Amino acid sequence: MRFSKMLIPTLREIPADAEAISHILMVRAGYVRQLAAGLYIYLPLGLSIMRKITRILRDEMDAIGAQEIALPALHPAEIWQETGRWSVIGEEMFRLKDRTGRDMCLGMTHEEIMTWLAQKEIRSYRDLPQVWYQIQTKLRDEARPKSGVLRTREFLMKDSYSFDADEEGLEKNYQLHADAYHKIFSRCGLNFYMVQSDPGMMGGAVSHEFMAPSPSGEDEIVLCDSCGYAANVELALSNPKKIERKDWAFEEVHTPEKRTVAEVSNFLKINPEYFLKSLLLISEKGPVLAVVRGDQEMHEKKMNRIIGAHRPAQKQEVKDVLGVEAGFIGPMNQKIRIVADISLQEGVYASGANKQHYHAKGIRPGKDFTAEWHDITIAKEGDLCAGCNAPIRIEKVIEIGNIFKLGTKYSVPLNAFYLDEKGQEIPLIMGSYGIGPARIAAAAIEQNHDKDGIIWPKSIAPFDVVILPLNMNDAKTVETAETLYNDLNGKGLDVLLDDRDERAGVKFKDADLIGIPVQIVIGEKNLKDGLVEIKDRKTKEIQKVKVEEIVEKL
RNA sequence: CGGGGCGUAGCGCAGUCUGGUUUAGCGCACCUGCCUUGGGCGCAGGGGGUCGGAGGUUCGAAUCCUCUCGCCCCGACCA
């Protein structure tokens, strides 16, 4: 491809509305343009990246026996009503009516439609297993699109679905996908982890996410370097730092105007980890008191799984429900539901005394109050691994893929059954597996860039090599460039020839920005000795090579 | 949806607080010519704006007021 014939609108300056590195670089280097919030146009370079990525996806999916099909993006509501998700999913689903007034929606995922197809076409155990996939556009009315291509309202997804006769078959397909995903992300040149995750609205029991470390990521994962434990913080287990057991007797202490853990901790000269932090929540079924250790934070999602939707109580509600001002509440003698963090079953603590301007010391969980014990805290740096007690790490990550064991969550409501050897109707056992190619691209940039621009992994770069003839007015330079361009193209390489009549500086800057892994620099001086330079974008190493040896050096 | 920020030329910005010497300006990009050719050259000339939109206040509005639309960030939410 000739640079002069290709739409590569590079920008000298950082776009005002971009903050994430991948976003800045994709826009600056001319890969994408934004149409509206969460809607992106892929320019030729951007599309090229997506093609390279989806080629790898198809390659590895085909390798595990998955079959590519294509489903509509526009769905009738009925199918979604049958699984219940029409009402479970809120505003995130684009809904519309057709001309006859029939409810429709735009596909945000395709479990329903794939299961519908399976219900139609799979009859017998002899048909199983089946794995179907597609690479198709998903539409979600995201509350907050962000970070460029990382969270958009319309995006490409490779989604596959497995149908098995039993759990054993599912386990096999799940494992095949996990392996394929490892290969895919490795081939794309990414650093990533496979971590335990929360199935969320997808349902099902087991799920894992593939996470690429990046400061622009929206998720956090817990990692244990010692035993290899890796999980999304949404469900990660960890033990708070051990503390010594105090032998305080129960007593009430006057703590005038001291309300927060920090204030009381300072006032009483007791470290925060010896406090019980009580938070009043208002759930749909009434007030709930959540109790965590003073140095810990409650995790909304973990709590959500236990008590359902809830919100923090307002100051007045605290007084109305518990009879004492916020700041002095404690779990003792409460009539309402109490959910306490599981780490608090042991020990002796201080807390609000349920009395204005008083706190209590020497509280013994189990004796002075009872509670439902659950893991409700956010794992944090410095906590100990729940498995092996080594200190854990937390990393920010981009979710680039996920795999779910769905079981019969969709097959039962949609009547997707097969007949086994005995002629019995058995629901199909399903799994679903997703990868976002745009997130792969963004993660690749996040993980591979420098101050000059993108440094693409070779496997997904839009071109293998860029030729930079530095002076287009020098006949020898141009001739050499053209010859090389033809030769390398002939070898099957994707070559970009910067044939613009621009100064050398402009070409260097653009080449670095765009991030093609190899640059061939053709300058007059070297050419007098029959040499050109091969420059590595990543290491910046330059080797001078005889013109006729270029092809074999690449 | 709550909080914050921002909309002025293709891009990045100043001007807005304190309305009028600004005919709305600067850098880059763009067009013409010359020059130059190894890291976003140099010189000269030039084109491009309903100041997001609507309404209002005023002799006078990019600037003040009201409404509205859009984008970004934090949070809530999130297959």
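All values derive from a computational prediction rather than experimental measurement. No hydrogens, no waters, no symmetry mates; every other heavy atom, side chains included, goes into these values. We name chains A, B, ... by the order of the sequence lines, and we start the count at 1 in each one.
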Among the nucleotides [options], which one has an atom lying closest to any side-chain atom of [X]?
X	options	answer
A:Asn526	B:rG40, B:rC71, B:rG38	B:rG38
A:Lys525	B:rG40, B:rC72, B:rG38	B:rG38
A:Glu13	B:rG40, B:rC73, B:rG12	B:rG12
A:Glu19	B:rC73, B:rC71, B:rG38	B:rC73
A:Arg12	B:rG38, B:rC71, B:rA29	B:rA29
A:Ala16	B:rG39, B:rC28, B:rG12	B:rG12
A:Ser147	B:rC73, B:rG38, B:rC72	B:rC73

Practice task
Establish, with yes or no, whether the OP1 or OP2 oxygen of B:rC74 is under 4.0 angstrom from a side-chain nitrogen or oxygen of A:Arg144.
Solution key: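 Yes, such a contact exists.
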Exercise for the section: Considering just the side-chain nitrogens and oxygens of A:Lys146, establish if one lies under 4.0 Å of OP1 or OP2 belonging to B:rC74. Expected result: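 A:Lys146 to B:rC74 OP1/OP2: side-chain N or O found under 4.0 Å.
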Does [N] pair with anything, Watson-Crick or G-U wobble, both distances under 3.5 Å, and if so, with which nucleotide?
N	answer
B:rU22	none
B:rG75	B:rC1
B:rC6	B:rG70
B:rG60	none
B:rC30	B:rG46
B:rC51	none

Problem - Partner of A:Glu154 under side-chain contact (heavy atoms from CB on, under 4.5 Å), chosen from A:Leu106, A:Asp141, A:Leu39 - result: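 So, applying the side-chain contact (heavy atoms from CB on, under 4.5 Å) to A:Glu154 and each of A:Leu106, A:Asp141, A:Leu39, only A:Leu39 qualifies.
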Salt-bridge contact [X]-[Y] (side-chain N to carboxylate O under 4.0 Å):
X	Y	value
A:Asp536	A:Lys538	no
A:Arg85	A:Glu111	yes
A:Lys553	A:Glu548	no

Handout entry: 5' priority, RNA chain B, between A:Asp219 and A:Gly38 [closest heavy atom]
Key =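 First, find each residue's nearest nucleotide; the 5'-ward one identifies A:Gly38.
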Handout entry: Nucleotide B:rG10, atom C1' - distance to CG of A:Leu7 in whole Å
Key =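 In whole Å, B:rG10 C1' lies 13 Å from A:Leu7 CG.
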Exercise for the section: Could you check how far CG of A:Leu470 sits from P of B:rG40, rounded to whole Å? Expected result: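 That distance rounds to 12 Å.
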Sticking with atom [atom1], work out how far [N] lies from [M], rounded to a whole angstrom.
N	M	atom1	value
B:rU18	B:rA9	P	25 Å
B:rG49	B:rC67	P	32 Å
B:rC51	B:rU23	C1'	15 Å
B:rG12	B:rC73	P	15 Å

Practice task
Determine, for A:Trp80 and A:Arg95, whether the Lys NZ or Arg CZ falls below 6.0 Å from the six-membered ring centre while staying within 45 degrees of the axis.
Solution key: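 No cation-pi geometry.
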Exercise for the section: Could you check whether the rings of A:Phe192 and A:Phe210 sit parallel, tilted or perpendicular, using 30° and 60° as the cut-offs? Expected result: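 Rings of A:Phe192 and A:Phe210: tilted, 30 to 60°.
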Practice task
For A:Ala143, answer base if it contacts any base atom (sugar-phosphate contacts may also be present), sugar-phosphate if it contacts only those atoms, and nothing otherwise; contact means non-hydrogen atoms under 4.0 Å.
Solution key: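 If one applies the 4.0 Å heavy-atom cut-off, A:Ala143 turns out to touch a base.
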